[in-house]
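Worksheet for the structure shown next.
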Amino acid sequence: MDDILHGLNKAQREAVTSEASVLQVLAPPGSGKTKTLTTRVAYLIAHRHLKPWNIITCTFTKKAANEMKERLRSFIGEELAKQIKLGTFHAIAAQYLRQYGQHIGLAKDFGIADTSDSKAIIKRIIKRRDLTSEVPKALGRISANKCKGIESGQFAQTAKNVDQQEFALIFSEYEAELMASNLLDYDDLLLRCCFLLRTHPQCVSNVQAVLIDEFQDTNTVQYDLMALFAQKRNMITIVGDPDQSIYGFRHAEIKNLNLMKDQWPDTLTINLEENYRSSGAILHAAQEVIEQDESRPQKKLQATHTYGLRPVLRKLPSAAAEASWLVSEIGRMCAMSGKVLQHSDFVILLRSAALSREIEAALGRDGVPYRMVGGKKFFERAEVKIVVDYLQIINQPSHSEAVERIINVPSRRIGDATVKSFREEASTKGISFWELICGVSQDKIRSTTKLPAATEKGVSSFVNVILSGRRKISEANDGQTSLVDLINLVVKKIDLQSYLKNKYENEYEARWSNVEELMAQAADASDPARLKAMVEEDSLPTIDGLEQRTAGSEDILSIFLANIALTSSAETKQAEGAEPVQQVTISTIHSAKGLEWPVVFIPACYEGSIPHSRSDDNDEERRLLYVGMTRAQALLYQSCPIKDTQRQETIMSSYLTQPGVQHHFEEHGPLMSIHEAKSLATTLRREQPTTASYEEGKKDLESELDNYWPLNGEQPPEERAKWDYGKATNHVTAFGTARSASWVASTSVTMQQQQGFSTASATMKPSFGSVKDLYDDLLGQDRLKAIDKKQAEAKNKSDAAAPKGKKRQIEGQGSIAGFFNKRRRPAEEADEADEVRGPVGLRSAHSDPLRDVSNIMPAEPPSSLPSKPLLSNSRQIRTAPLRKAPSARPSQPDSGYMFLSSSPRKPDDAENEPQPDLDEAEQAADIPQPQFKPASTFHTTSLQSLQQKPLAHGRRYGAKPSMNGWANRSRK
DNA sequence: GATTCGGGAATTTTT
DNA sequence: TTCCCGAATC
């Protein structure tokens, strides 16, 4: 008992051990939700003597399911853990349908239609009927209805206006086509399972407990399914957080929380309130954002960490600049943190996967290893999909979608027209597409479709591939089924290698390695031990008097394919004993849910991206940003290019420009003094960096500061010089100066402020300028030369060795002088720019800030103090007022930086606040926290596989984003 | 007449 | 990458 409960706080413990039959655990991000749920499962088994195979646990993503499985394994051991029915709603539903589907007239080998199948079907219906509906809209509408449990017949009866009737037609034809191909779409899996459990409650008569993760994301059908799973004993535990509801587009119903209370009036609700993940500064900022939603009930959120480093909100000239800044910050943080941070500690969270382009390119340029999660999935990559489609058809030839998709891949001179004719013929003859072409090629059917000789040959070669595949399976039935052999057969028969070589030329290797990856996975799945485990895991407990169809080894292909359809991520298993690959993660915010990283970047924070222009639920977009922000443990970066990818001016996301938000952010990356590096390590519960390791890390750094890109989002001088040559005068009149080297010149802020009134930076607090001035001056005068000197030395050194990352080195800067001039203009040189800069009013007050600090320090801290505690009745950690700073600012640069960055706690705290400080953080450190293990839990792109298999072709993380396809474009 | 090929445009989030 | 269009090609 103690073992299991060890390390839980009071509320978590209460939730885990609760006697309540129906239990809701509501919990903010980072409060150990999933941990609580997992522990409860273990507790139910160990102390309530529930049988693992009678417990159903549903998650929303495969990833979450795997995480939980992993954790359970360490809790109750491999044996027990694998017997728990744990998976996504869809996976569990599919399991029930495979085993009991015959009771509702479902064929055993039903296929699962993925989105592209569904789209293709709808598209065809619309074309055939000459309708005006748009495919994605129709699909969404179909899904919306299905999620609410409305079937096509029902809808047709209530359809009134033309629009509804047209949709009713699409809906019912869509259903008919699925049926004809023996396919279930994602919604069908849930719906049919509901139907099964309603009509045959015996199927779940064994179920003792049902647990649901991320309950706020359930839709109506999933809710029903949950209730049906639990119908015998009504033992339900859910965990969730309405603030993290980001699946409205998938018809999630937050109402389900209340519905549950209505349905089971004795539902017990337990709130978890303590956040163990993020630094106080990050929580404050995130809280400020989520509280903009006024319809939202107030909630407690208690930070357990120190305030830490303030989040960063950075402006940059363009998406490309943003990407390159981001990559340089990753490098800088790795170096400046005294070895506390490494690549795998960073994640880049995107609103949409398409935003990854520039970032992948920038990472590639600097040779930073990365992997992409979400976005294009492994099994949807064209070359993989081809093979998978062949397998689908071999497994189940009635899968007409797949047939149509690849009958002409590689080209067999079977074009759209032929396909269309076949399709129509098949439907008039009442047979499937496959049956038709099979008959035609064997001269058993006289086709009405006229075929040229070449096409006819193409058809029979296609049929041949499928038939030999099927033969292979039936032969293998008595011996060993080998998926790998099957794949090899397909690959050979269609000569996939030549096809890929032709089509992708220089990308061929990467493509082919994806196919190899698929084979590796197939090999993995057909390993006898693994196969046995798979079949076992896939089986439900037997129930007396209920006929069950069991999976045999001949079903390995079915199971393999079903797994593919229900898998968002193909995890590449880490080779045992191998060093985990250190790589940065790129992910969509949606896919990052439930996970955490030490450092989080959220780029492209502008209107249209987040909130997304296509979204109609502003609150959900805000929650999405909140989810993104709260993934961060120690450091959060948000950024906004002032021009988007189309070079259009952007407006910063309104969530970040609301009054009260901006002062939670720093305008540039942290200075990362050794003190800050130590505090970072504390938040992460890692070993403190030593002075030696800190200095060591900095050695090879090009710049110790986030100072290359001007804070106002303009181009840095060098880049401007490139682009604006000859147009400089315009800029002088419009912006004050073309040389807006705001990053270092002591006076640049003056200019920025003037500019601020006419640009987005108007939200900037004027007083903040002086702080920045001081910052700049310190840099300029005290530290700068030393830094540069060291850098120049380092540079000389590294020049001798092979220089890495030369992207920002400036041409003709062989001399150190050139380096100084261009990279870090010393303050005295910057003065000459003043003339162009105009009024210097503000500047006069602190022309010598080093001597006269008190003059420029505002009486009250301008911006760094959160306006209010997160909640009035909770103990909060605050930053110290800056006013203490002058005295705290001795001549040693280090402490000066410390104070400027305003992140570490100040002596004031001790007097004013009951401080949950280091001591408490250390207490918290005793609590074992959910540790995310990126390398083993994530989908890995082929880029990783490229790295793991030493590449034959010498291109690792190449100079271009080789996998996202955009590379095609730049290829001539 | 059908197929292929090239160029240009658009691309939310997930099971 | 996919989709669409129109022109070149079989």
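To find a chain, count down the sequence lines: A is the first, B the second, and so on, and within it residues start at 1. Worth knowing before you read on, the calculation uses all heavy atoms, side chains too, and leaves out hydrogens, waters and symmetry mates.
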How is [X] classified with respect to the nucleic acid when contacts are heavy atoms under 4.0 Å: base, sugar-phosphate, or nothing?
{"X": "A:Phe89", "result": "nothing"}
{"X": "A:Ser411", "result": "sugar-phosphate"}
{"X": "A:Ser609", "result": "nothing"}
{"X": "A:Ile414", "result": "sugar-phosphate"}
{"X": "A:Asp114", "result": "nothing"}
{"X": "A:Lys123", "result": "sugar-phosphate"}
{"X": "A:Arg413", "result": "sugar-phosphate"}

Sort by first number and list every stem of DNA chain B: at least 3 consecutive Watson-Crick or G-U wobble pairs, both distances under 3.5 Å.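 Detected stem regions: B:1-10 with C:1-10.
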Here's a test of your reading of the structure: between A:Glu620 and A:Asp416, which maps to the more 5' nucleotide of DNA chain B?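 Of the two residues, A:Asp416 wins.
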Which residue, A:Gly415 or A:Glu621, contacts DNA chain B at a nucleotide closer to its 5' end, judged by nearest heavy atom? A:Gly415
According to the 5.5 Å centroid and 30° plane-angle thresholds, does A:Phe249 stack upon the nucleobase of B:dT13? yes
A:His612 stacking on B:dT12: centroids under 5.5 Å, ring planes under 30°?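 According to the criterion (under 5.5 Å, under 30°), yes, A:His612 stacks.
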Please report, rounded to the nearest Å, how far the [atom2] atom of [N] is from the [atom1] atom of [X].
{"X": "A:Tyr606", "N": "B:dT12", "atom1": "OH", "atom2": "P", "value": "13 Å"}
{"X": "A:Tyr499", "N": "B:dT4", "atom1": "OH", "atom2": "P", "value": "11 Å"}
{"X": "A:Arg631", "N": "B:dT13", "atom1": "CZ", "atom2": "P", "value": "18 Å"}
{"X": "A:Arg250", "N": "B:dT12", "atom1": "CZ", "atom2": "P", "value": "17 Å"}
{"X": "A:Lys385", "N": "C:dT2", "atom1": "NZ", "atom2": "P", "value": "10 Å"}
{"X": "A:Asp117", "N": "B:dT14", "atom1": "CG", "atom2": "P", "value": "18 Å"}
{"X": "A:Leu349", "N": "B:dT13", "atom1": "CG", "atom2": "C1'", "value": "13 Å"}
{"X": "A:Arg614", "N": "B:dA10", "atom1": "CZ", "atom2": "P", "value": "11 Å"}

Which nucleotide sits closest to the side chain of [X]: [options]?
{"X": "A:Asn408", "options": "B:dA10, B:dT15, B:dT4", "value": "B:dT4"}
{"X": "A:Tyr186", "options": "B:dT14, B:dT15, B:dT12", "value": "B:dT15"}
{"X": "A:Arg511", "options": "C:dT1, B:dT15, B:dT14", "value": "C:dT1"}
{"X": "A:Ala417", "options": "B:dT3, B:dT14, B:dA10", "value": "B:dT3"}

Electrostatic pair A:Arg124:A:Glu177 at N-O distance under 4.0 angstrom: yes
Between [N] and [X], is there an OP1 or OP2 to side-chain N/O distance shorter than 4.0 Å?
{"X": "A:Thr115", "N": "B:dT14", "value": "no"}
{"X": "A:Thr418", "N": "B:dA2", "value": "no"}
{"X": "A:Thr455", "N": "B:dA2", "value": "no"}

Taking everything shown except A:Phe195 itself, do over 12 heavy atoms lie less than 6.0 Å from its CZ? no
Take atom CG of A:Asp416 as the centre, draw a 6.0 Å sphere, and report whether it contains more than 12 heavy atoms from other residues, nucleotides or ligands.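 Not buried by this count: 12 neighbours or fewer within 6.0 Å.
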Could you tell me whether the side chains of A:Arg413 and A:Thr418 share a donor-acceptor contact shorter than 3.5 Å? no
Side-chain H-bond candidate by donor/acceptor type, A:Ser461 with A:Arg412, under 3.5 Å: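 Side chains of A:Ser461 and A:Arg412: pair found under 3.5 Å.
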Here's one to test your reading of the geometry: is the NZ or CZ of A:Arg623 within 45 degrees of the ring axis of A:Tyr626 and under 6.0 Å from its centre? no
Assess the pair A:Phe433 and A:His399: is the distance between their ring centroids shorter than 6.0 Å? no
Is the A:Phe229-A:Tyr96 ring centre distance short of 6.0 angstrom?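 Under 6.0 Å, so yes.
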Side-chain heavy atoms of A:Gln638 within contact of A:Pro603, under 4.5 Å: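 Of all side-chain heavy-atom pairs linking A:Pro603 with A:Gln638, none is under 4.5 Å.
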